[in-house]
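In what follows, a single structure is set out as structure tokens and then discussed.
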Amino acid sequence: MKVWTRVVLFSSILVAHRSAGLAALDKAWLENYEKAGEQALEKSLDTNPPEDLTDSQRDEVKILAASTLTKLGHTLAAQQIYMDVASRAVGTSQGALALKQLEALALTVEVDETAIEDFAFEYDGTVDSSAERSMLSWYRARALMRRGYSDWATRELGQVAVDSAWHSERLYDRAVSSLVDGREDEAEAIFSELAKKSVIRATTKQFSELNRARLIFEKGDYQTSLEVVRGLDLPIRERARALHEMAWSRYYMREYGKALGILQVLDSGYYAELKTPEADLLRMVIERDLCRYDLVKQSTTAFREKYKKTYKQIESRLPLEADDRLKQMALQSRFLQKRATLVHRLRVELRALTDEDIRVSPGLGSWLRQRLATRERQLQSEVDRLLGRELERVANQFVDLRDQVTFLEYESSIRPLTAAPSDTIDYLPVGASRTKFEKLHWPVTNEAWWDELDSYEVMLRGRCQTPLPSGLGVDQAPRRPPPPPPPQEADDEDDE
């Protein structure tokens, strides 16, 4: 069944090429290329190319190879091919198809947007299709804004068609600007409008919903916020951040067991490198609210042991980038996360293409490796340039968190001295019934599923206590008599 699905997808690529008017390649060779892809997509790339190819045919073969690379998940490599063909073959059917495929790629997956901005800035050609023309205007406007030409950028934005997906990008930027300026209601309205659009980039729609959920959270509607976030298919970095926010929602709803269950998921190996120390702080706050001061002390001790190396790095004034935790948290910041993710994806695709010759287009494999390596070095230099400032911010955040942990530890030592134990159970999640079987309970020890997160709970009994009665447990020492009031001096006017 899996092979049949791949065959259908691959066949649709060839139909798209033929319907676009590409007839330079021999039909018999195209059928052989298609048959090779039926067994495995990689085999189609090893197909021998036709002999004595013209320039148009070479471009068509490259477009076919880019389509296959897209199906294999090498979307950044495919993007490089599409941009190269579109920029060289301006005014030809091959260049038009490459531009069309580039626009389709940018709508469905995360692309290297800075590279497309530079491509659009340099592109000089007439485009008939409204979708591709809107994409070029959008990215050209962003390139102009980066270079300081705001008036020209505004002119380019005016050429973005309202019914295109790139107009949704304009609305998203407007919503973010409203949010920065403190106009939350306006931003939420725009995010809600974007979530209902059908012509929109998949990533833009996801982050519109996610930002709307965060605004709903700030208003105190935690249940609605949870429902919105659970329906999203987020990248791993954003998913880890969303899990943390879901835990806070459960905490504010006083569903401590489910909040602790989500925090337990964040401790798994899948999210361990993406978890922030704030998740450990939330665990201590929940244990404090449940009056489990014994667990608070254990958690504070574990916190200091876990981050001892990081705090030593900060206090010793050693290079912050040498600490893995600080660097990982800095790379999750708003300014660096997208670049860091692109660097990782470029390295993954480079490794995958190391031994790939792409025989169907001689020289294409080495050209791709060179382009991807160059782009990886450029992005890495940008990350290195911005990393220092983010590391300082994260280090200050670590220091603030340690102060809060110290206060929680002090509070857990003082509160038991001012309260007496109570036998009543203050909090305990619903356990398994011995007589009813409407719910199935089982322990989760080494794996977690996204669609089951709402059912994970930590069975933790609360031990909240009642205040001590006045004078209980205190030796009644004799009170000293109050000192006599100071003598009042007579007023001269009264004496007269």
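It should be emphasised that the depicted structure is a prediction, and the values quoted were computed from it without experimental measurement.
The side-chain heavy atoms of L326 and I314, taken from C-beta on, include a pair separated by under 4.5 Å. Put simply, the side chain of L102 reaches to within 4.5 Å of the side chain of M135, judged on heavy atoms.
Listed by chain and number, the residues in a side chain to side chain donor-acceptor pair (under 3.5 Å) with E392 amount to none (sequence neighbours excluded). K205 pairs by the salt bridge (charged side-chain N to carboxylate O under 4.0 Å, His left out) definition with nothing, not counting sequence neighbours. Listed by chain and number, the residues in a side chain to side chain donor-acceptor pair (under 3.5 Å) with Q378 are R375 (sequence neighbours excluded). Contacts of R304 classified as side chain to side chain donor-acceptor pair (under 3.5 Å), with partners at least two apart in sequence or in another chain: T406, E409. With sequence neighbours left out, Q337 forms a side chain to side chain donor-acceptor pair (under 3.5 Å) with E238, R241.
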### Task
Could you go through the ring-ring contact (aromatic ring centres under 6.0 Å, His included) check for F191 and Y172 one step at a time?
CA-CA 7 Å; F191 286 137; Y172 184 85; 5.7 Å; yes
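The cationic group of R402 does not satisfy the cation-pi geometry with Y307, failing either the under 6.0 Å distance to the six-membered ring centre or the 45° limit from the ring axis.
Residue pairs that meet the side chain to side chain donor-acceptor pair (under 3.5 Å) test with at least one member in residues 76-90, sequence neighbours left out, are D59-R88, S67-Y82, Q80-R371, D84-R88.
The aromatic rings of F119 and Y123 lie tilted to each other, with the angle between the two planes from 30° to 60°. Ring pair F217/Y252 is tilted by interplanar angle, where 30° to 60° counts as tilted.
Using modelled atom types, one finds a donor on one side chain and an acceptor on the other under 3.5 Å when comparing Q380 with D384.
Sparse packing is recorded around CD of Q370, with 12 or fewer heavy atoms of other residues, nucleotides or ligands lying under 6.0 Å away.
When the options E117, E169, E156 are evaluated for a side-chain hydrogen bond (donor to acceptor under 3.5 Å, both in side chains) with R142, the one that passes is E117.
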